[in-house]
Amino acid sequence: METVDFIRDEDVETTLLSHFPLPFVKNNQIFPIRRENSLLIGAVADERGLLALEEASKLLGLRAKPVRAPVGIIMDAINRFYGQMGSAEEVMDTISGEDLSSVATAFEAPKDLLELTEEAPIIRLLNALLLQAVKERASDIHIEPYERELDVRIRVDGLLRKVLSPPKIIQDALISRIKIMAHLDIAEKRLPQDGRIRLLLGGRDIDIRVSVVPTTHGERAVMRLLDRKQGLLGLWEVGLDRRHEEIFENYLSRPDGIILVTGPTGSGKTTTLYAALNRIHTEEKNIITIEDPVEYELKGIGQMHVNPRIGLTFASGLRSILRQDPDVIMVGEIRDLETAEIAIQASLTGHLVLSTLHTNDAPSALVRLIDMGIEPFLVASSVSLILAQRLVRTICPSCKRGYEPSALERSYFTDIAATGVSGAGGRESTFLLYRGTGCDRCNQTGYLGRTGIFELFVVGDEIRPMITEKIDAQSIKNAAVERGMKTLRRDGLEKVMQGLTTLEEVLRVTRKDHADLSV
């Protein structure tokens with residue numbers, strides 16, 4: 001049976017869809033693609049789908065010709081073709097023809113809000129916006145008020161893009177609808193509020209974290225979209241190469257010590273920690289986490305959500321966790337001295353502790369802990385492994401093309417090509433780089449999805465004396481590189497050589513390292 005990894009719009013015979021009700025294709029995980037003579041070509045995920053396609057083909061007087069496709073590809077096609085509404089811009093065009101003043105005032109009183117039906121213009125607009133964001137794999141939706149305008153932007157693969165500029169007059173109504181969905185106080189417009197929306201779209205369970213803050217021109221809302229089914233990844237899926245993965249797993253199997261994941265906000269630290277917990281979770285281990293917020297629910301793992309308003313901070317929650325007989329503790333972030341001290345004491349008393357820090361590279365995490373007030377000898381004896389990371393966009397496989405790099409582009413890879421990294425092609429004369437030319441699948445960007453680049457720093461016996469002597473982070477990094485540590489930029493350039501991402505992406509998210517003069 002032929003296998004497909006994407007269902008293109010131009011291949012789909014849309015007139016077929018009326019013969020296949022939405023519940024039928026969702027429940028059986030099939031998607032009818034087109035008729036070809038007396039054959040019905042349809043995508044199926046498993047044997048159940050194959051039987052359903054055969055039965056449906058008989059009713060149409062056709063013979064089934066199945067092609068195999070992953071469930072995610074089938075659900076993506078269902079979402080694209082069975083969506084009953086257009087894009088947010090198309091819905092906004094229909095709303096513009098209505099009386100916008102009545103649309104804007106429809107949300108002034110709570111009573112009106114509760115009586116609204118699904119036909120209300122603002123509800124149609126917000127639903128279309130959410131659907132479009134999910135279809136385009138957006139991670140965030142930003143609704144931004146300004147003096148005379150209102151902008152809506154979505155973040156796809158780490159970059160923001162404006163999708164809509166609705167009339168300023170509907171600003172309050174749109175924000176109020178979001179508040180209602182997130183169970184927030186619509187009357188409170190002076191203080192920040194946080195909430196949560198849960199949606200089911202095409203069989204996908206979408207969790208939306210909502211943040212509303214007051215600004216000088218009205219309330220600003222940001223909605224973060226989390227696909228609960230895609231939350232758990234393996235270590236290899238986050239982008240770790242085989243050598244990094246083996247080292248990481250080795251330290252995860254140890255009974256004590258601190259493993260830190262560092263990087264800026266949005267660099268995938270929590271996803272990596274979840275992948276680590278998923279890797280080591282067994283019935284024999286008691287794993288407890290304290291997070292802000294709990295982004296994905298992990299089966300068999302106790303998860304605690306911090307709530308400073310009632311005194312449940314990382315530090316107080318961590319103290320309570322230690323009384324729960326844990327084997328492994330995950331602290332969402334080490335933000336202050338108290339949390340750092342408790343985490344270090346926990347690691348020194350026989351617990352494996354995983355946490356995150358906001359630093360630019362791995363060695364800087366050691367200096368950050370010392371700057372917080374932790375004694376250097378405690379840092380040296382407790383921290384065992386630090387993983388710095390960034391996210392880069394990956395090249396769209398449908399429009400990926402090789403090209404001959406310029407002399408300037410080649411200069412970044414001199415050292416890597418000399419060491420014979422997989423994908424370098426050996427001789428410089430055969431050296432190719434890759435980019436996406438843009439297609440419908442990647443929305444003409446040339447990129448589809450993201451992967452991680454990493455800097456894995458093992459705090460070994462030769463490094464610990466440098467910590468206790470308070471040697472600066474750059475000197476520690478130089479020593480680590482001399483002992484074989486791969487910097488963030490080096491790991492990114494190797495992924496460029498392998499055709500996973502582009503040079504522009506790696507240069508965008510990394511900086512030149514003094515420790516690695518070749519890059």
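Nothing here was measured: the structure is a model prediction, and the numbers come from that model.
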A.B. asks: Working to the nearest 0.5 Å, report the span between CG of Leu159 and OG of Ser139.
C.D. replies: 9.5 Å

A.B. asks: Tell me the closest heavy-atom pair linking Leu385 and Tyr251, and the distance in Å.
C.D. replies: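 It is CD2-CB, 3.9 Å.
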
A.B. asks: In plain terms, say whether Arg410 and Glu404 are close enough for a salt bridge, that is, a side-chain N and a carboxylate O under 4.0 Å apart.
C.D. replies: yes

A.B. asks: List for me each residue that meets side chain to side chain contact (heavy atoms under 4.5 Å, CB included) alongside Ser253, sequence neighbours excluded, and say none if there are none.
C.D. replies: Asn250

A.B. asks: Return the CG to CD1 distance between Leu500 and Ile395, rounded to the nearest 0.5 Å.
C.D. replies: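 Output value for this atom pair is 7.5 Å.
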
A.B. asks: Please check if the side chain of Arg254 supplies one atom and the backbone of Leu352 the other of a donor-acceptor pair under 3.5 Å.
C.D. replies: no

A.B. asks: Which distance, rounded to the nearest 0.5 Å, do you find between the CZ of Arg34 and the CG of Leu39?
C.D. replies: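 So the gap between those two atoms works out to 10.0 Å.
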
A.B. asks: Please examine the side chains of Tyr447 and Thr502, heavy atoms only from C-beta on, and report whether any two atoms are closer than 4.5 Å.
C.D. replies: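 Counting from C-beta outward, Thr502 and Tyr447 do come under 4.5 Å.
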
A.B. asks: Measure the CD-CG distance between Glu409 and Leu433 for me, rounded to the nearest 0.5 Å.
C.D. replies: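 Nearest 0.5 Å value for the CD-CG distance: 6.0 Å.
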
A.B. asks: Please find the pair of heavy atoms, one from Ile73 and one from Phe6, that lie closest to each other, and give the distance.
C.D. replies: CG2-CA, 3.9 Å

A.B. asks: Within the 4.5 Å heavy-atom criterion, are Met330 and Tyr274 side-chain neighbours or not?
C.D. replies: yes

A.B. asks: Is the backbone of Gly449 close enough, under 3.5 Å, to the side chain of Asp157 for a donor and an acceptor to pair up by distance?
C.D. replies: yes

A.B. asks: Side chains of Asp292 and Glu333, heavy atoms from C-beta outward: is any pair under 4.5 Å?
C.D. replies: no

A.B. asks: Between Arg508 and Glu505, is there a side-chain N and carboxylate O pair less than 4.0 Å apart?
C.D. replies: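 Counted as a salt bridge, because a side-chain N and a carboxylate O are separated by less than 4.0 Å.
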
A.B. asks: How far apart are the closest heavy atoms of Ala77 and Phe31, and which atoms are they?
C.D. replies: O-CE1, 3.8 Å

A.B. asks: So if I apply the side chain to side chain contact (heavy atoms under 4.5 Å, CB included) rule between Leu456 and each of Arg243, Gln389, His244, which one comes out positive?
C.D. replies: His244

A.B. asks: Is any NZ, NE, NH1 or NH2 atom of the basic residue among Glu54 and Lys58 found under 4.0 Å from an Asp or Glu carboxylate oxygen of the other?
C.D. replies: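 Looking at Glu54 and Lys58, the cut-off is not met.
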
A.B. asks: Would you compute the distance between atom OG1 of Thr282 and atom CZ of Arg279 and round it to the nearest 0.5 angstrom?
C.D. replies: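 The CZ atom of Arg279 is 10.5 Å from OG1 of Thr282, to the nearest 0.5 Å.
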
A.B. asks: With a 6.0 Å cut-off (strictly less than), is the heavy-atom count around CZ of Arg483, excluding the residue itself, greater than 12?
C.D. replies: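 Yes, because the 6.0 Å sphere around CZ of Arg483 holds more than 12 heavy atoms from other groups.
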
A.B. asks: Before you tell me yes or no, could you show the steps for Val4 and Ile33 under side-chain contact (heavy atoms from CB on, under 4.5 Å), namely the whole-Å CA-CA distance, both residues' side-chain angles and the distance that decides it to 0.1 Å?
C.D. replies: CA-CA 12 Å; Val4 296; Ile33 299 176; 5.6 Å; no

A.B. asks: Going by side chain to side chain contact (heavy atoms under 4.5 Å, CB included), Val496 matches just one of Tyr434, Phe413, Tyr412. Which one?
C.D. replies: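 Among the candidates, only Phe413 passes.
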
A.B. asks: Does a salt bridge link Asp194 with Arg209, judged by any charged N lying under 4.0 Å from a carboxylate O?
C.D. replies: no

A.B. asks: Between Gln303 and Leu298, is there a donor-acceptor pair closer than 3.5 Å when you use the side chain of the first and the backbone of the second?
C.D. replies: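 Yes.
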
A.B. asks: Please report the closest heavy-atom contact between Ala45 and Arg68, naming both atoms and the distance.
C.D. replies: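 Looking at all heavy atoms of both residues, the shortest contact is O-NH1, 3.3 Å.
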
A.B. asks: Counting only heavy atoms not in Glu10, do more than 12 fall under 6.0 Å of its CD?
C.D. replies: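 Check passes, neighbour count above 12.
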
A.B. asks: Measure across Lys269 and Gly263 and return the closest heavy-atom pair with its distance rounded to 0.1 Å.
C.D. replies: NZ-O, 3.2 Å

A.B. asks: After noting the C-alpha distance and the side-chain angles of Met181 and Leu126, does the key distance pass the side-chain contact (heavy atoms from CB on, under 4.5 Å) rule?
C.D. replies: CA-CA 10 Å; Met181 293 182 71; Leu126 184 56; 3.5 Å; yes

A.B. asks: For Asp5, check side chain to side chain contact (heavy atoms under 4.5 Å, CB included) against everything at least two apart and list the hits.
C.D. replies: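 Side chain to side chain contact (heavy atoms under 4.5 Å, CB included) list for Asp5, sorted by chain: Arg441.
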
A.B. asks: Can you tell me if Ser57 uses its side chain to pair, donor with acceptor, with the backbone of Leu62 under 3.5 Å?
C.D. replies: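 Flag not set: sc Ser57 to bb Leu62 has no pair under 3.5 Å.
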
A.B. asks: Nearest 0.5 angstrom please: Leu130 CG to Leu125 CG, how far?
C.D. replies: 9.5 Å

A.B. asks: Quick check: do Val328 and Leu252 have side-chain heavy atoms less than 4.5 Å from each other?
C.D. replies: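 In short, these two side chains do not touch, never coming nearer than 4.5 Å.
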
A.B. asks: Check whether any side-chain heavy atom of Ser165 lies under 4.5 Å from a side-chain heavy atom of Asp151, and answer yes or no.
C.D. replies: yes

A.B. asks: For Leu260, is there any backbone N or O sitting under 3.5 Å from a side-chain donor or acceptor partner on Ser355?
C.D. replies: no

A.B. asks: Tell me, do Asp491 and Glu455 make a side-chain contact under 4.5 Å, heavy atoms counted?
C.D. replies: no

A.B. asks: Check the surroundings of atom NZ in Lys162: do more than 12 heavy atoms from other residues, nucleotides or ligands lie under 6.0 Å from it?
C.D. replies: no

A.B. asks: Can you check whether Arg35's main-chain N or O pairs, donor with acceptor, with Glu13's side chain at less than 3.5 Å?
C.D. replies: yes

A.B. asks: Apply the salt bridge (charged side-chain N to carboxylate O under 4.0 Å, His left out) test between Asp241 and each candidate in Lys495, Arg490, Lys486; give the one that qualifies.
C.D. replies: Lys486

A.B. asks: Stepwise, does the side-chain contact (heavy atoms from CB on, under 4.5 Å) test hold for Ile329 with Ile288?
C.D. replies: CA-CA 5 Å; Ile329 301 168; Ile288 305 179; 5.6 Å; no

A.B. asks: Distance-only, no hydrogens or angles: does the Thr262 side chain make a donor-acceptor pair with backbone N or O of His358 under 3.5 Å?
C.D. replies: no

A.B. asks: Between Arg48 and Asn27, is there a donor-acceptor pair closer than 3.5 Å when you use the side chain of the first and the backbone of the second?
C.D. replies: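 Yes, because the side chain of Arg48 sits within donor-acceptor range (under 3.5 Å) of the backbone of Asn27.
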
A.B. asks: Does the side chain of Ile453 come within less than 4.5 Å of Val509's, by heavy atoms?
C.D. replies: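 SC-SC contact between Val509 and Ile453 confirmed.
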
A.B. asks: Looking at every heavy atom in both Ala69 and Ile74, which two are closest together, and how far apart are they?
C.D. replies: O-CD1, 3.8 Å

A.B. asks: Quick one, Leu503 with Leu493, criterion side-chain contact (heavy atoms from CB on, under 4.5 Å). Give me CA distance, side-chain angles, the key distance, then yes/no.
C.D. replies: CA-CA 7 Å; Leu503 178 61; Leu493 292 176; 3.5 Å; yes

A.B. asks: So, do Leu225 and Ile141 sit near enough that their side-chain heavy atoms are less than 4.5 Å apart?
C.D. replies: yes

